[in-house]
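Keep in mind that the numbers below use all heavy atoms, side chains included, and drop hydrogens, waters and symmetry copies. Everything numeric here is computed off the predicted structure, so don't read it as measured data.
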Amino acid sequence: MATDTKAAGTGRLPRLPLVLAVAVGACVAVALIAVWAGGGAATAIPGIPDAGALTAWGLPVARTLTDAAAVATVGALLLVVVLLPGGRRLGPAQLRYLTWAACAAGLWAAASGAVLVFTLSDLFAQPVGEISSPAIVADFVTTDAQGRSYALTAAAAGVIATLCVGIGSARWARCALVLALAGLLPPAFTGHSSAAGNHDAAVSSLALHLLGVAVWVGGLVFVLVAAARREEQATAAVRRFSPIAGWALLAVGLSGIVNAAVRLPSLTEVFTSRYGLMVLTKAVALALLGGIGYWHRRRTLPALAEGRRRAFVRLAAGELLLMAAAMGLAVGLSRTPAPGAGDASLSPSEELLGFPIPPPLGDFPWTPLFTQWHFDPLFAFGTAGAALLYLAGVRKLRARGDNWPVGRTIAWLLGLALTVLATMSGLNTYGKVLFSVHMGQHMLLAMSVPILLVLGAPATLALRALPAAPKGSPDGPREMLLKLLHSRYVKLISNPVVASVLFIGSAFVVYYTSLFETLMRSHLGHMVMLVHFLATGLLFFWVIIGIDPGPRRPPYLGRLFVLILTMPFHSWFSISLMSSTALIGEGWWTLLDRPWVADALDDQYNGGAIAWATGDIPVLITTIVLAIQWMRSDQREARRVDRQIERGGDTDPLAAYNAYLASLHARDRRPARPDTPHEES
């Protein structure tokens with residue numbers, strides 16, 4: 001029986017190099033067909049400048065190779081860092097796949113450079129030979145957003161290719177993975193989606209789409225490689241990848257729906273336009289891939305755990321070919337004009353903001369703040385996922401009979417609701433137009449939302465709800481979370497001094513340098529700024545009133561001292577805004593056409609007043625919460641002492657303490673022996 005099982009598991013399998021080559025070929029072929037079918041390869045018209053056939057067909061091929069190489073880089077690093085169990089030093093198998101990542105990153109850098117040159121040729125409608133001089137390319141990189149994006153991607157890929165050659169620790173491999181994921185993003189914020197009417201939603205959804213595809217496809221490629229190469233830890237890698245693939249599929253599907261909804265004027269265009277039909281084809285491919293993933297979980301993963309790899313490898317190879325075709329279709333879709341794409345001309349303010357200038361706020365109660373909503377996929381999906389995961393953890397605890405305080409659940413959900421209000425309501429819309437509203441948005445994200453989220457204790461809930469990994473098995477999510485909470489990095493940033501400096505100091509750095517104007521000029525920069533304010537607020541209030549475990553924090557009196565010492569700097573920041581005669585972010589406000597803003601400095605004064613006024617209430621709430629926590633801690637300690645006293649005997653802490661004092665007193669009164677030297681004080 002054992003022989004039969006082994007034979008079944010090591011039967012004739014698809015050859016790995018052939019599968020990978022066919023997948024790349026299918027990706028390129030589908031991309032070219034999609035470009036031709038969608039009208040992306042324009043034909044030359046006599047008398048009109050044309051980039052030439054080399055650019056028309058070379059650009060989609062270069063983009064396809066760029067996407068494939070990026071996916072392979074992310075997949076190889078994901079296998080090394082996340083999927084293959086290991087310690088601080090990389091094992092032999094991990095080092096082998098790190099070499100694969102270096103090769104893929106080198107191809108990614110070269111293909112990105114080719115895309116840069118072909119894009120320059122396409123934009124200026126001139127053949128590659130006429131615009132490929134170093135001076136012209138350098139000018140394109142320094143003056144154009146698309147040029148900078150492809151240059152940043154090529155630079156990130158080049159750094160990864162160099163870094164992966166000489167590293168041997170898991171820490172540096174994690175840095176390479178983060179850099180690879182970051183390298184995917186610049187083109188998303190300057191491509192065709194950034195020109196959509198609601199470009200905030202378009203670019204956010206496209207960025208989420210690219211990250212999901214890279215993790216999903218890249219992970220599948222390398223778990224397939226690990227299984228086909230009979231790696232000892234292939235089964236563990238596949239099991240770890242299964243939930244990651246599920247979340248990536250969800251991210252790809254939801255972000256694709258949002259991006260299509262932004263670019264298609266109506267639902268009928270899905271069935272009547274070339275762009276819509278290609279979107280529909282991608283949706284069908286996605287549904288098929290979802291079905292294959294479900295089959296994997298139900299049938300092939302159990303077989304793989306028993307040592308039978310044949311079914312998994314064959315189905316994964318077919319899944320990879322379908323994914324390659326979908327990626328090629330996406331490249332063609334990027335070259336296909338959307339319905340009505342060139343019909344409407346945007347004003348300079350609309351191009352900067354992604355939406356028309358909103359109407360004036362008017363008098364109290366400023367109703368436009370609650371009516372001017374704009375959907376943002378990052379915060380919408382992020383808050384929805386955080387709420388669902390939290391509620392699932394609470395449900396799991398209650399299903400096994402454990403209690404979870406209702407107040408923590410309410411605090412968590414209310415904090416997420418305020419996050420949505422701050423990032424998608426009129427606070428976000430007017431936050432790009434008025435400094436005063438922006439400062440209110442900043443205060444809400446940095447001082448109000450963190451208090452509620454910290455009191456929700458999400459890490460404590462996760463540690464209680466997640467199952468512990470069996471003894472001798474690789475670390476699971478629970479063990480990884482524990483290691484993160486007690487890591488040296490968290491210990492460093494959770495130091496009260498560091499947390500306070502980040503919380504207050506970053507505000508001075510952002511607003512009193514050119515960084516504020518730079519971040520406001522792009523959706524990515526604005527989003528990074530909001531996330532930074534939220535993250536520094538979470539860190540600071542976790543140190544002060546946090547419930548979740550972590551490195552040793554100061555006693556309650558020390559926390560109160562940190563709070564009292566930090567808040568005057570916040571007041572100083574607010575007063576400096578109110579008294580400043582220099583307009584912060586002047587270049588940004590000048591570019592916007594705001595006829596109903598009479599005095600920008602007066603609006604800045606209002607922003608400082610809002611920062612000052614809204615800072616007192618969170619501080620008061622934090623002080624009250626800290627006092628309650630302090631009192632409850634003393635009550636718990638008193639009850640513990642009472643229980644020990646009731647048990648009596650040697651465990652009586654008061655008796656033990658009195659005996660200790662008596663022994664010290666007796667030692668001090670005992671005369672010193674002549675041959676024993678006295679201890680120095």
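- Residue pairs meeting the salt bridge (charged side-chain N to carboxylate O under 4.0 Å, His left out) criterion with at least one partner in residues 92-112, sequence neighbours excluded, are R96-E231.
- Legend: residues meeting side-chain hydrogen bond (donor to acceptor under 3.5 Å, both in side chains) with S506, ordered by chain and number and at least two apart, are H532.
- Applying the side-chain hydrogen bond (donor to acceptor under 3.5 Å, both in side chains) criterion to R148, with sequence neighbours excluded, gives no partner residue.
- The distance from the NE2 atom of H523 to the NZ atom of K432 is 6.0 Å, given to the nearest 0.5 Å.
- Between F379 and N428, every side-chain heavy-atom pair lies at or beyond the 4.5 Å cut-off.
- Every residue meeting the ring pair (Phe, Tyr, Trp, His ring centres under 6.0 Å) condition with F222, not counting sequence neighbours, appears here in chain and number order: W100.
- Residues passing the side-chain hydrogen bond (donor to acceptor under 3.5 Å, both in side chains) test with E517 are R521, sequence neighbours excluded.
- One distance of note links CG of L116 with OG of S121; it measures 11.5 Å at 0.5 Å rounding.
- The list of side-chain hydrogen bond (donor to acceptor under 3.5 Å, both in side chains) pairs with a residue in residues 209-225, not counting sequence neighbours, reads H209-S255, H209-K282.
- Put simply, CD1 on I131 and OG1 on T55 are 7.0 Å apart, with the number rounded to the nearest 0.5 Å.
- Looking only at distances, a side-chain donor or acceptor of T99 sits under 3.5 Å from a matching main-chain atom of L95.
- Partners of F241 by ring pair (Phe, Tyr, Trp, His ring centres under 6.0 Å), not counting sequence neighbours: none found.
- From T119, atom OG1 reaches atom CZ of F140 across 6.0 Å, with rounding to the nearest 0.5 Å.
- Not counting sequence neighbours, the partners of A386 by the side-chain contact (heavy atoms from CB on, under 4.5 Å) test are W412, L416.
- A search for side-chain contact (heavy atoms from CB on, under 4.5 Å) contacts involving A109 returns A157, not counting sequence neighbours.
- Taking every heavy atom of both residues into account, V510 and M529 meet most closely at CG1-SD, 3.9 Å.
- Minimum interatomic distance between L120 and I136 (heavy atoms only, all atoms of both residues): CD2-CG2, 3.8 Å.
- One finds the CG atom of L249 at 13.5 Å from the CD1 atom of I244 (value rounded to the nearest 0.5 Å).
- Here the closest non-hydrogen pair linking F375 and A380 is CE1-CB, 3.5 Å.
- Between D376 and T423 the shortest side-chain heavy-atom distance does not fall below 4.5 Å.
- Smallest separation of non-hydrogen atoms from T73 and A105: OG1-N, 3.2 Å.
- Contact detail for V82 and R240: the closest heavy-atom pair is O-NH1, 2.6 Å.
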Tabulate below the donor-acceptor pairs under 3.5 Å that side-chain atoms of residues 163-184 make, not counting sequence neighbours, or state none.
none

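- Between A76 and A101, the closest heavy-atom pair is CB-CB, 3.7 Å.
- With sequence neighbours left out, S522 forms a side-chain contact (heavy atoms from CB on, under 4.5 Å) with L524.
- In this structure T429 satisfies the side-chain hydrogen bond (donor to acceptor under 3.5 Å, both in side chains) test together with H374, sequence neighbours excluded.
- Results of the side chain to side chain contact (heavy atoms under 4.5 Å, CB included) test with Y97 over L77, V80, L83 single out V80 as the only residue that passes.
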- Message: side chain to side chain contact (heavy atoms under 4.5 Å, CB included) for T66 and Y150? Distances and angles first, verdict last.
- Response: CA-CA 10 Å; T66 300; Y150 290 120; over 6 Å; no
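- One distance of note links CG of L185 with CG of L152; it measures 11.0 Å at 0.5 Å rounding.
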